[in-house]
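Below is a structure I'd like to ask you about.
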Protein chains: 2
Amino acid sequence: MISIKEITKQTGITVRTMRYYDQINLLSPADKTEGGHRLYGEKELIKLQEIQFLKTLGFSLQAIKDMLENENHDWFSGLQNQLNYILKEKEKLGEMESILRGLLHEMVLEEQIDLLQLQKLIQIYQKDFHKREAYLKQMFDQEERKLLDMLPNINHGDPDTMEWIALMAQLKQHMLKGVSAPEVQRIIRRMDEKTVEVYGDCPEFIDKLWEIRKSPEKSQEAGFYPVDQELLEFVEKAFVIFQNNRKEA
Amino acid sequence: MISIKEITKQTGITVRTMRYYDQINLLSPADKTEGGHRLYGEKELIKLQEIQFLKTLGFSLQAIKDMLENENHDWFSGLQNQLNYILKEKEKLGEMESILRGLLHEMVLEEQIDLLQLQKLIQIYQKDFHKREAYLKQMFDQEERKLLDMLPNINHGDPDTMEWIALMAQLKQHMLKGVSAPEVQRIIRRMDEKTVEVYGDCPEFIDKLWEIRKSPEKSQEAGFYPVDQELLEFVEKAFVIFQNNRKEA
DNA sequence: CTTGAAAGTGACGTTACGTCATTTTGTATA
DNA sequence: TATACAAAATGACGTAACGTCACTTTCAAG
């Protein structure tokens, strides 16, 4: 049994934090002295480490509490959701960064910067925002959602899906080399193999998938890994080459 | 002069927000009716737009207030500071993302995840980087270290790493079918291709890597992601078969 | 038994509003 | 003009994860 002071020494966590964790029933002391001083054991230290670790992943204390309390918590989904959340936040920051850089660049060109200048710049940037917003809102449709819901849990991180994504991303890297490059054709061959292995007896499903893939909006709705049009066309062309080569052989 | 309702209609900003801005003296109404209802003019609308815009850059309301109040505010420095701040935040999120990806990748390999598993993973991640660096330095020379950097690091979401993990995980699924099963051999062939693509003409390096991989202790010291022994042996055997088949062909 | 350090318990502050509950004002209609 | 109903106002509490007083009690050494 160690005192609260020992905890702060060993972990760097403040006394206040320990008391707070006790207060919200996230981590209670193993025991207390007669006078009410908190005493912690080895188990608590370990739990504290876990809490700290999960905090570095950006989870809220409430979420951490739920995770550690639920004996059969779905860690995979939990982490995936968190990853998605983090990615969204990163995207937001990315936009901020982009606008800030734009402003700073323009300010280098304009020599004098005051409120009036800024107002002009704001006008420009706000226009873009409104356009984007309008564009996105226009793309909503009820019927399309049903189709997407019928798809299996393709974004659930199973190895097959993962490889698909990995292969696509690799193709993107090799795009400059052209559809006939050996690396490209090897990847395409692997894709073909996987298509047969996984979806062999259900070609309609593949068609459906491909249709959604070809629509960026639908892909995004479905939570697919975003693939740009250029890449999709590249894949289609490379597949044609691949099939021709196979026929000749 | 327009009412608060008009403001919400035109800008989408809530009544509560307008009252709050009034309360903190960020944006006060131009006038009030006898009964105390807020009335805004064109100037206020513009200021409100500015506020909204600066908010999208991540500034706090207090900061925005200071900026708009100070007649000769140093916009350039202000924006630059904000950019730095944003970049730091992005970096933090990037680390979270990296760790999350690492965990998720490992979870694709392990099928069951519970608190005990997580504790093990936490142990690995909490290990300090210095130990790893030191260990790796002593094992590999300079040139090899360059290659080592290309080694699939489980934290990086790059396509090559993803495919490695996906292939490993798929192998695990197919283990029961034996080392000669066509699915297995196709995966092995793909692994071989990738090995050659990435590490090309340096087979000794691959041997050394493989040696570390086969020793759980060494792997852990090097900070590699954990792969169970059974799977590693399976891969080795399957590779032997693969190479024999190739010789015969 | 004293004494100073360490620990305890409230309580308030932080951000940018959301969400009641209650009261007052504005306005359209009978 | 009285009334009804919408809209606006005010005030208060809640949010997350503690930091920071202020004040009291307990612990351990001398």
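Within every chain, numbering begins at 1; the chains are lettered A, B, ... in the order of the sequence lines, protein sequences first and strands thereafter.
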*Would you kindly say whether A/K194 and B/Q170 are connected by a side-chain donor-acceptor distance under 3.5 Å?*
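Yes, a side-chain donor-acceptor pair sits under 3.5 Å.
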*Does A/D31 reach the side chain of A/R38, with side-chain heavy atoms less than 4.5 Å apart?*
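Counting from C-beta outward, A/D31 and A/R38 never come under 4.5 Å.
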*Side chain proximity check, A/L45 to A/I2, heavy atoms < 4.5 angstrom*: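 A side-chain contact exists here, since the closest heavy-atom pair is under 4.5 Å.
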*If each of B/G36 and A/E34 is mapped to the nucleotide of DNA chain D with the nearest heavy atom, which maps nearer the 5' terminus, i.e. the 5' end?*
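Its nearest nucleotide lies further toward 5', so the answer is B/G36.
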*Decide whether B/Q80 and B/N84 meet the rule of one side-chain donor and one side-chain acceptor closer than 3.5 Å.*
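Short answer, no.
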*For DNA chain D, whose closest nucleotide is more 5', that of A/H37 or that of B/S3?*
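The residue whose closest nucleotide sits nearer the 5' end is B/S3.
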*Okay, side chain of A/Q82, backbone of A/G58: is any donor-acceptor separation there less than 3.5 Å?*
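Indeed, once roles are kept as given, a pair shorter than 3.5 Å links the two residues.
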*asked:* What is the separation between atom CD on B/Q52 and atom P on C/dC17, rounded to the nearest whole Å?
replied: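 Going from B/Q52 (CD) to C/dC17 (P), I get 8 Å.
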_Just the rounded figure in Å: distance from P of D/dA8 to NZ of B/K5._
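It is 5 Å, rounded to the nearest whole Å.
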*For B/D66 and C/dT15, give me the distance from atom CG to atom P, rounded to whole Å.*
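In whole Å, C/dT15 P and B/D66 CG are 11 Å from each other.
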*Report yes if a side-chain nitrogen or oxygen of B/T33 is closer than 4.0 Å to either non-bridging phosphate oxygen (OP1 or OP2) of C/dT25; otherwise report no.*
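Result: no.
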*Is the shortest side-chain N to carboxylate O distance from B/K47 to B/E50 below 4.0 Å?*
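Between B/E50 and B/K47 there is no salt bridge, as every charged N stays at least 4.0 Å from the carboxylate O atoms.
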*asked:* Would you say that more than 12 heavy atoms from the other residues, nucleotides or ligands in this model lie under 6.0 Å from the CD of B/E42, or not?
replied: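 Open: at most 12 neighbouring heavy atoms sit under 6.0 Å from CD of B/E42.
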*Is there side-chain contact between B/T11 and B/I7, with heavy atoms separated by less than 4.5 Å?*
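Heavy-atom side-chain distance check passes, below 4.5 Å.
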*Can you check the A/E6 CD to D/dA28 P distance for me, whole Å?*
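Going from A/E6 (CD) to D/dA28 (P), I get 13 Å.
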*Is the closest side-chain heavy-atom distance between A/L57 and A/L83 below 4.5 Å?*
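No - every pair of side-chain heavy atoms lies 4.5 Å or more apart.
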*Rounded to whole angstroms, how far apart are CD on B/Q62 and C1' on C/dG13?*
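Spelled out: CD on B/Q62 to C1' on C/dG13 is 14 Å.
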*Please state how far atom CG in B/L48 lies from atom C1' in C/dA16, giving the value in whole angstrom units.*
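Distance check: B/L48 CG to C/dA16 C1' gives 14 Å.
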*Could you tell me the separation between the CD1 atom of B/I4 and the P atom of C/dT24, rounded to a whole number of Å?*
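Between P of C/dT24 and CD1 of B/I4: 19 Å.
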*Phosphate contact (C/dC17 OP1 or OP2) by B/K55 side-chain N/O below 4.0 Å*: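 Indeed, a polar side-chain atom of B/K55 lies that close.
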*So how far off straight is the helix from C/dC1-D/dG30 to C/dA30-D/dT1, going by the axes through five pairs at either end, to 10°?*
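It comes to 30° between the two terminal axes.
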*Roughly how many Å is it from NZ in A/K32 to P in D/dT25, rounded to a whole number?*
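Answer to the nearest Å: 16 Å.
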*Scan residues 7-22 of chain B against DNA chain C and write down, sorted by residue number, each residue with any heavy atom closer than 4.0 Å; if none is found, say none.*
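The answer is B/T14, B/R16, B/T17, B/Y20, B/Y21.
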